Every structure is written in C-alpha cells, then in structure tokens.
A.B. asks: 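Shown below is the structure under consideration.
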Amino acid sequence: MRQLCKGNVAVIQGAVLAGCRAYYGYPITPASEIAEAAAFYLPQVGGVFLQAESEVAAINMVYGAAAAGQRVMTASSGPGISLMQEGLSYLAGAELPCVVVDVVRGGPGLGNIAPEQSDYFALVKGGGHGNYRNLVLAPASVQEMADLTMLAFELADRYRNPAVVLTDGFIGQMMEPLELHARITSPPEKPWAVRGTAATRKNLITSIHLEPDALEAHVRKLEAKYREAQEREPRHELYLAEDAEVLLVGYGIVSRVLRSAAEQAREQGLRVGLFRPITLWPFPVQALREAARDVRAVLVVEMSTGQMVEDVRLALREQAPVHFYSRVGGNVPLAEEVSARIFEWVETAVR
Amino acid sequence: MASEPRGRVQIDPNECKGCGLCIDACPPHCLVFTEELSPYGVHPAHYLGSGCTGCGICFYVCPEPGAIVVYRLSPPPKVISTTEASRAATL
Amino acid sequence: MAEYEVVHSKSPVFYPIYERKADLKHQTHYCPGCGHGVVHKLIAETIADLDLQDRTIFVSPVGCSVFAYYYFDVGNVQAAHGRASAVATALKRACPESIVIAYQGDGDLAAIGTAEIVHAANRGENITVFFINNAIYGMTGGQMAPTTLVGQTTTTTPWGRRPVNEGYPLRVCELLATLEAPVYIERVALSDNKNIMRARRAIRKAIELQRDGAGFSLVEILSPCPTIWKMTPTEARDWVAENMIRNFPLGVFRDRRLAMPGNGGPPQRSVAEVLGLTSPSLGTEAPAAATPTDTREWKMKIAGFGGQGVLLLGQILAEMGMREGKEVSWLPSYGPEMRSGSAHCHVCLSSQRIGSPLIEHPNVLVAMNEISLRKFAPSVTPGGLILYNRRTVPADLGVSNVRLLPIPAAELADQLGAAKVGNIVMLGALLELTGALSFATAEAVLQATVKNPDLLALDLRALQAGRDWARQLPREVR
Ligand SMILES: Cc1ncc(C[n+]2csc(CCOP(=O)(O)OP(=O)(O)O)c2C)c(N)n1
Ligand code: SF4
Ligand code: SF4
Ligand code: SF4
C-alpha cells in the first residue's frame, strides 16, 4: 500500500518496522519531525521516546539503551551531530549498535536550516576521537528514508557499530509515496547485552582497554570488522551509465538533480550517466572504478565545498579526470546548472 | 584464665594496603601494623590476638573488600529452665 | 563449646579474584584509605542482603572509579565522563526490572555531567545515584572540582580556590532538593565510624526505594582522597569530618513518596495497526477513475502566504497523483521563510521516476498572492499556465508566452462563507484547466482526509465553484 509520506516520518516508520523500540533525541530543524514521529509511534508499540536535555545526553541514552540490547536511534542535524560525536566514538569503541540520522543543514556554526551535504567529513571520516568508522547510508527518496533506516539497523547489529543515515533537509522535508513492506523484524539475540538478569550478569560494556596491547588487540578487531564491511557492504546505483562518456557522481538529493541533468544532457546529444553511492562508508570504490572505466570525465556534484569528491579521487586515482561542482549555503544545484557545466567542460576538453 | 574473646579478626596481608584506618578505628585497640613488609611493600594490619569484640567496625572502615574477616563467638546454646519456659508461655 | 562464626567478610557481590585487572588481582586499584572502596563495600553488602545481584546494572563513571567493573560481579556498563545518569536512564527504561546504579564522582556528576544529573533527577528516573564527593579530581591528578572548598589548593587553584575566580563549591543535594521528582536525597560522610554506619543505612535505603519503584534517589558521600589531599588516611578521614562537613552539611534533603501523574500512556497497538499496514481505510488501495493516458510531466509550484493553504493544496495534488498511479513528489519551503509569512511548495507529477523534486521552471504556477506572482511568474516555462488568486492581473507583470488566468479563489471562497477554502477553489480551477488529474480523485482524497462532514461539504462546494469558474472562462484563454 502506498501512502504519501514525509521523509522524516518515513524514517520512523521504517524504524518501527525494523523493531526499533527506543528513541532519545533533542529537537533541531530540519530533523525535528523525526523526533515528533517517534514520540507519536513508539509509545504505542511499547517503545520509549524521550526528549533529552541535549544531544550529549541523547546519544549517551542511546548508549545505555544499546548496552541493554535495544534497537535504538536518534536523529539530529549539524549542530546536534557535533555534540553527538563524543557518544558515537564511545558507541563504536564499546561495539554498540545504534542508528543516528543526520538531516544535514547549512553550516558551519548555526549556518542555516536549508539543505547541505557538509557533514560528510564529520560522519563518513569520523568526527569523534579514535580509530573507528560509522557505517553511512545516503537515501535519495522518501522510500529510501524508510528502507535505508531499516538497513541501517541491520548493519548496525551485524557489525555492532553505529550506523548513520546521512540525509538532508530536502529529503527530510519532502513527501513522496512510501510503500512499507510488512516485514516486521525482531532484532537479533544479543547475548552480550547487559540487562540486569542472571544470564547477562557477567557482561561488561566498556570502551577502556588500559594496556596498550589490549587496546591494540581491540582496535585491530574493530579494523577487521571494518574491512569485512568494506568487502561486503558497498552499495550504489547506476543510471544511464552503461555507455556514458561523462559520469556524474552525487548522493542524496544531489543524485536526484543529477538524474535530471543526465537526461537533459542526453536530450542535447551528450551521453551522460550517473553513479550514486548509497553507502558513503564503505565507499563503493570498486563499482565506481568499473563505472568510470570508459568515461572521458567524471563530474562530482556536492552541496559542500568538496568532501565526497576526495573519496572519488582516491578511488579513481588517475583513471579519469575528476571535476567538481558545488553549491552551498542551502542552495541546491539545478539540473540546468549542472548540464550547462558538463557542456562547458566537454568543450574545453575538446578544444 | 581470661575468658575467650568475643570476636576475632583475620587480615589478609595480600589484600591489606596498610592504610591504618582499621587500627585507628578499633575501639579496644587490638589491631597493629606488622613489623614485616608485605609483598607490596607496606606494613599490613594485624590482630594482636586478644581483645576483639567482633564489633565489625574495622571491616566497615576498611576500603578493601576482602582484607578483613570478622568472626564472632556464636552464643552458647541457652539452657532454658523449665520454669522460665513455662513463665514465657504464660506471657 | 562456643564457636566463631564469620560475621563480616568479602561480599559475594565482589568477584573473588579481580580477573579484569591486569595485575594485583587481589586488591582494588584504589589508594590506601580511599573512600571509594568503603562505598563499594557498602553497596555490595546491600545488593547481597537484598538479593539483587542478578538484577543489578552498575554504571561506572570516568574518574578513579572508572574500573568499578573490576570488582562488582553484576552487569556492568562503563559510561563516558559525566554521562552515567543519562546512560542509566536508558538502561532502566530498557530493563524496568533491573536495579540501575549510577556511581559518579564530583567532577563527573557536578561539573561535566551537571545537565545529565539535574534532568535525570527532574524526570524522577527510577535509578539510584551514588555521588562521591571528594572535593577534587582524583583520577587526573588533583585539579579543582566544583566541590573544592574555598581556599583549598589544587593543581589548578595553586593559590587556593577563590570564589571571585572559581565561584563557590556546588552543593548538589541542596540543588536537587529544589526539584519536584526526587524521592530521596541524603548527604553522608565517611568521617568516622558512626557516619559510615549512617552511610550504610542511606545506601541501603536508596536501593530499596528503587527496588520498590519509588523513583529517583541520590546519596552524596563525602569521601576522603588521601593521595591527592597529601594526607595520611587518618588525616584525610579527619579532614572530611572537620572541613568537608562544615561546607557540606549532612542530612536528609528529601524523603517522600511521590505519585507521578501520567502513568497510563497511549493505548498499545500492533505495529501493523500503528503503521496502517492492515487497514485499507485510507482508501489508497482503490485508485479512483484515473487518467492513465495523461503522460505529461507536471511541474507545479504553489506559492502564497502562510494560512492560504498553499502547502496543503500541494499535498492534495501529490496524493491525487499517487492514487492515479503517477510518480509524485512534494517539496515545501520550510523554516524561517515560513515564519516570515510566505510559503511555497513544488509538486511533480510524472509517469516516470522523478529526478529533482526541486522545480526551477514550473509549467503550472498557482500564485495565491501578488508577491508570489511577481516572484515566480518569470520562471514559468513557455506555454505554461499561471493561476492567480484575483479577478484581474497586474498590467505591468510583463510575462509573455504563458497563459495567465485570474481565478478569484479567495473571493469565491468568501462567498461560500469560508476564506480558508480558497485553495480548494483553486484546485477545482486547476483540474478543470489542466486535466492533469480527475475530479473523482480529488473528491476521494478530500473524503479520505477531511473527517468533519460540514467541512467536507464545504470543500466539495469549493471544488465545484473553482471548476465552474474555470468553465465559464472564454475558450480562447482556456
Ligand atoms: C570528556 C572528558 N574530559 C576530561 C576527561 C578527563 N577526566 C577523567 S576523570 C576526570 C575527573 C574525575 O574527577 P571526579 O569525577 O571527581 O572523580 P575522582 O577521580 O575524584 O573519583 C577528568 C577531568 C575525560 N575522561 N573525558
Ligand atoms: S571487630 Fe571490632 S574489636 Fe575486633 S578488631 Fe575489628 S574493630 Fe577491633
Ligand atoms: S583498613 Fe584495611 S587496608 Fe587499611 S590497614 Fe586495615 S586492613 Fe589494611
Ligand atoms: S586519587 Fe583519591 S580518589 Fe583516586 S583512588 Fe586515590 S585516594 Fe581514591
């Protein structure tokens, strides 16, 4: 059954289906509807919703609920995500699964509440202290807001690590048809959790390993998990990429614009395709290299001054020239704007 | 012969850190530091062998969970005279 | 013959050997004479006496007691600096049957974790907090704590704490006792035998209260730190008695039972019910008479003033499109722009998957006021349609190559007796003029979304009014 649904609300509908029964958060535009939806849905299905005193408290409540083995989540936007970085590091260090949604807005500082993609570094590259990674998923539609939130819970549990849904104000605020697949999941058994029972009495959740050898062993263990994720989890989508001479690369809302831009460019006779990373970490390196094998140029478009483009360049190395185009401050690039860029580049390249 | 002390304590030199809080707190002053150093290099507390009332104070002031064990003399089974017993029954 | 029996010995709530410790597995890591060990013993004794070992979750802080999990044979969760009460909050809510103990030092609880403790207390979380006040940062080597006494030298107050620079010592019990929810707050001290036995009673009471579901309890324990204070253990104990108690008076600051209102919560339903996965009542199952032949791409921008129903009109169009089997997207302007009064939204209707939901060049513009008309009219694609909420259009607009139709929607709505249905009047006109979607679908959507029968009747009349107005427009402008 299709229902017209707001992206932010779809997140919670997916979360409820995924068996999430706890939400701890703090309001911030443009993510607040996620908290509001959680406040509406979770208590009706026996879950917990609590508006915390801050994002610092919220992420540490997430830590507590995750330690107890609950499927738990929070959501925020730039300024709140900055405050949650401490907790994310602890969650990863203590190997606790959780889902964090970042509905990115303009920064730095208070910036504004319009969409940006400027939290890529903060979440894909880390942000908190220590050797850890977040698993990062980037939805590009309302449907994916639900689907990727569900996937995020699965991945978080599979790797016992925080999983992030990195989205933006537009995807969060827009409405599209949402089809919920009535596949109600129950979270996996978590024998490691601490639940105040005889069976879990010997369990310990901690991120301290005082001896250097012990900490090295722990960090190596995390590293091995991350390597496994890099092998198994990269996800991407291709559009018109098969015969493309120019490959556009963008995620989230930008990928939607690039879809239109590719179509427009094709109408004008240039074979343009799209590569959309769905997982930002692990970054779909192999798939990108293959998609770009026969292209003349790659154009990365971001609503940041150049964050994901670093990963594209790392992936492609000398394989193809990588160009970059960006809008920031809450401005979303238009399809016309991007296709005009493509033609400019192609012309200079030919000349 | 002096009557048997009501209490007795045993201090584990493996756990005692020689802080002296028990020695200071013991009302009948029946704890002292040992002359010898423990393997940790401290003078652990030590029971003199008499005078302990089994009050348990040393146990509660000691920060180490297992350094002190306090024993108390279990009261000898009371021989209740039949007259007493019958009087109790009428109460 | 009389026999000696053990009356006090290591609690079974402690591990016999501290295997999690790297070495010296028979001893705690605390300094000789440290108050932490004493408090640990009192807590362990209570847990054992009340038979709560299996149910207990101990949240250790960052501070000298960070390794409390070396010792307590209970469920253990180690928290970030200052966050123990936040972590404990969620643990307790996840496991209501458990006994959750947050154990925090003065830096942890009263400095970096001030917000967390105040709010956990204020919510009346059914947890027990043991607050070890030793007036110093022990673990990090003796910096000032929020509870450091006036004049006390620390590594960061080398001339003593000066209120003019550092303020006064923070009295946590007094502060928390101003809150409504806590049920039990007491300050005790490890200053002498008697006070240690008082501490023992307080600790026991606090855990019993949690066991009985009473609510938030906190026991502050004035506790010696001989190492950092640079005193012998006995001197440190006496310093607690002589200096700390004078600044932090002992006593019960709160002891009452409280019935917190609002226990019921919402009715419990199944996930399928809550998400509407079972009921077709929303009506989206049966698409109304569709116009499947219409494969045109509609890019509509609807703009106006907040309160004119601009966003809602867009949502109705998107909902209708979805019911007719189209791909749809609806994107609002949001945030401060809305607060300033103006609002607009983008609606795409297509037979193909929709690329950018952001419309730069609409082929339909609904301008509910003049400002939006002037702002967006120039962006309408050649051949596009503009519906303007007036009887006449401004003469100086200067757009060409578009159909610009005045539809006095607000006026017609007023005639129907409700200005707020102007957007529905506009919908009627828009459907009539574009044929993008069917009237039957519009009626179905209104029926599904407007529950009040009077309002529904009004909406249906408004829809018809818009349609009628559009119909009587001369053919050449249509
Ligand atoms: C975010 C953060 N800031 C600073 C520290 C360093 N730190 C560790 S313990 C501590 C203070 C401990 O003092 P207290 O809570 O009074 O406990 P005590 O050691 O005296 O028992 C500090 C500042 C930290 N671990 N994390
Ligand atoms: S039990 Fe009492 S009397 Fe005996 S050693 Fe301990 S403090 Fe002294
Ligand atoms: S109080 Fe405990 S640690 Fe200190 S001297 Fe006595 S037995 Fe040893
Ligand atoms: S530094 Fe102070 S608080 Fe820390 S273990 Fe030593 S005596 Fe205890």
Side-chain angles (χ1 to χ4, degrees), chain A residues 1-4 13 16-17 22 24 29-30 41 43-46 48 52-54 56-57 60-65 67-68 70 86-87 90 113-114 169-170 173-177 180 182 184 194-198 200-201 203-208 210-211 256-257 259-260 263 332 334-336, chain C residues 20 22 53-57 66 69 73-80 83 86-91 93-95 97-100 115-116 118-119 265-272 274-277 280 282 284-285 315 318-319 322 327-332 334-336 354-358 360:
Chain A
M1 190 186 85
R2 298 207 313 166
Q3 50 162 336
L4 195 65
Q13 299 209 347
V16 168
L17 270 184
Y24 295 94
T29 309
Y41 287 110
Q44 294 189 67
V45 294
V48 179
E53 56 272 25
S54 70
V56 173
N60 282 284
M61 290 171 182
V62 166
Y63 181 98
Q70 268 187 319
E86 173 199 48
Y90 278 80
I113 59 168
F170 267 12
Q173 295 294 325
M174 70 192 236
M175 292 180 99
E176 284 182 333
L180 287 177
I184 301 166
V194 174
R195 303 194 48 82
T197 58
T200 63
R201 194 177 101 195
N203 291 347
L204 165 66
I205 301 296
T206 186
S207 59
I208 315 174
L210 208 54
E211 300 299 316
R256 300 280 296 260
V257 176
R259 241 183 125 79
S260 301
E263 286 164 3
V332 178
L334 302 169
E336 292 85 343
Chain C
R20 286 176 176 145
Q53 186 168 12
D54 283 340
R55 286 169 62 190
T56 300
I57 302 176
V66 64
Y69 60 77
D73 180 3
V74 298
N76 278 287
V77 176
Q78 206 295 307
R83 318 297 175 220
V87 172
T89 292
L91 280 163
R93 284 167 182 248
C95 312
E97 293 304 314
S98 65
I99 301 295
V100 179
E116 286 80 359
V118 168
H119 287 274
Q268 298 298 295
R269 300 194 287 154
S270 74
V271 168
V274 164
L275 296 181
L277 299 180
L282 288 172
T284 46
E285 295 289 46
Q315 282 180 21
E319 174 84 34
M322 184 184 73
E327 295 296 331
V328 303
S329 68
W330 172 90
L331 179 71
Y334 64 90
I354 292 166
S356 176
L358 181 69
E360 179 65 357

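We use all heavy atoms of the structure for the numbers below, so side chains are in, but hydrogens, waters and symmetry mates are not. Every value quoted in this text rests on a predicted model; they were computed, and no experiment measured them. Chain identifiers are assigned alphabetically (A, B, ...) following the order of the sequence lines, protein sequences preceding nucleic acid strands; residue numbering begins at 1 within each chain.
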A.B. asks: Check each atom of A/Tyr24 against the heavy atoms of chain C and say whether the ones under 4.5 Å are side chain, backbone, both or neither.
C.D. replies: side chain
A.B. asks: Heavy-atom cut-off 4.5 Å, strictly under: side chain, backbone, both or neither for A/Gln70 against chain C?
C.D. replies: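 Interface part for A/Gln70: side chain.
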A.B. asks: Could you have a look at A/Met174, A/Glu86, A/Glu263, A/Gln44 and say which one has the most heavy-atom pairs with chain C under 4.5 angstrom?
C.D. replies: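 Among A/Met174, A/Glu86, A/Glu263, A/Gln44, the one with the most close pairs to chain C is A/Gln44.
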A.B. asks: Looking at residues at least two apart in the chain, or sitting in another chain, which of them share a ring pair (Phe, Tyr, Trp, His ring centres under 6.0 Å) with C/Tyr69?
C.D. replies: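 For C/Tyr69, no residue satisfies ring pair (Phe, Tyr, Trp, His ring centres under 6.0 Å) once neighbours in sequence are set aside.
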A.B. asks: Can you tell which of C/Ser98, C/Ala79, C/Ala88, C/Pro266 has the highest number of heavy-atom pairs within less than 4.5 Å of chain A?
C.D. replies: C/Pro266
A.B. asks: Restricting to non-hydrogen atoms, name the atom on A/Val194 and the atom on C/Ile57 that form the minimum distance, rounded to 0.1 Å.
C.D. replies: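 Between these two residues, the closest heavy atoms are CG1-CG2, 3.6 Å.
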A.B. asks: A/Gln173 versus chain C, heavy atoms under 4.5 Å apart: side chain, backbone, both or neither?
C.D. replies: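 For A/Gln173, heavy atoms of backbone and side chain both lie under 4.5 Å from chain C.
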A.B. asks: May I ask you to name which of A/Ser54, A/Ala114, A/Ala335, A/Ala198 has the most heavy-atom pairs under 4.5 Å with chain C?
C.D. replies: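 Ranked by contacts with chain C, first place is A/Ala198.
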A.B. asks: Just give me the residue among C/Ala115, C/Cys95, C/Gly265 that pairs up with chain A most often, heavy atom to heavy atom, under 4.5 Å.
C.D. replies: C/Cys95
A.B. asks: Closest heavy-atom contact between A/Arg256 and C/Gly355?
C.D. replies: NE-O, 2.7 Å
A.B. asks: Please enumerate all residues that pass side-chain contact (heavy atoms from CB on, under 4.5 Å) together with C/Val66, with sequence neighbours excluded.
C.D. replies: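 For C/Val66 the side-chain contact (heavy atoms from CB on, under 4.5 Å) partners, ignoring immediate neighbours, are A/Ile208, C/Gln78, C/Met139.
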A.B. asks: Only pairs of heavy atoms separated by less than 4.5 Å count here; which of A/Thr197, A/Leu204, A/Val45 has the most with chain C?
C.D. replies: A/Leu204
A.B. asks: Do you know the tightest heavy-atom contact between C/Ser329 and A/Glu176?
C.D. replies: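 The pair with the smallest heavy-atom distance is CB-OE2, 3.6 Å.
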A.B. asks: Do you know which of A/Thr206, A/Val332, A/Leu210 has the most heavy-atom pairs with chain C at a distance under 4.5 angstrom?
C.D. replies: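 When all of A/Thr206, A/Val332, A/Leu210 are compared, A/Thr206 has the most.
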A.B. asks: Of the listed residues (C/Glu327, C/Gln315, C/Gln268, C/Glu360), which shares the most heavy-atom pairs with chain A below a 4.5 Å separation?
C.D. replies: C/Gln268
A.B. asks: Pick from C/Ile354, C/Leu91, C/Val118, C/Val100: which one has the most heavy-atom pairs with chain A under 4.5 Å?
C.D. replies: C/Leu91
A.B. asks: Taking side chain as everything from C-beta outward and backbone as N, CA, C, O, which of these in A/Ala57 sits under 4.5 Å from a heavy atom of chain C? Side chain, backbone, both or neither.
C.D. replies: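 Both parts, heavy atoms under 4.5 Å.
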A.B. asks: Which answer fits A/Leu334, side chain, backbone, both or neither, if we ask what part of it has an atom under 4.5 Å from a heavy atom of chain C?
C.D. replies: side chain
A.B. asks: Heavy-atom pairs under 4.5 Å with chain A - which of C/Pro357, C/Pro267, C/Ser356 has more of them than the others?
C.D. replies: C/Ser356
A.B. asks: Answer with side chain, backbone, both or neither: which region of A/Arg201 has an atom nearer than 4.5 Å to a non-hydrogen atom of chain C?
C.D. replies: both
A.B. asks: Against chain A, label C/Glu116 side chain, backbone, both or neither, depending on which of its atoms sit under 4.5 Å from a heavy atom there.
C.D. replies: both
A.B. asks: Which pair of heavy atoms, one from A/Ala67 and one from A/Ile205, lies closest together, and at what distance?
C.D. replies: CB-CG1, 3.9 Å
A.B. asks: Counting heavy-atom pairs under 4.5 Å with chain A, which one of C/Val74, C/Thr56, C/Thr89 comes out on top?
C.D. replies: C/Val74
A.B. asks: Hydrogens and angles aside, do A/Gln3 and A/Gln13 bring a side-chain donor and acceptor to less than 3.5 Å of each other?
C.D. replies: yes
A.B. asks: Side chain, backbone, both or neither: which part of A/Val48 has a heavy atom under 4.5 Å from chain C?
C.D. replies: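 Interface part for A/Val48: side chain.
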A.B. asks: With a 4.5 angstrom heavy-atom cut-off, is it the side chain or the backbone of C/Ala22 that approaches chain A, or both, or neither?
C.D. replies: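 Just the side chain, heavy atoms under 4.5 Å.
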A.B. asks: Can you tell me how far the OG1 atom of A/Thr200 sits from the CZ atom of A/Arg195, to the nearest 0.5 Å?
C.D. replies: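 That separation rounds to 7.5 Å.
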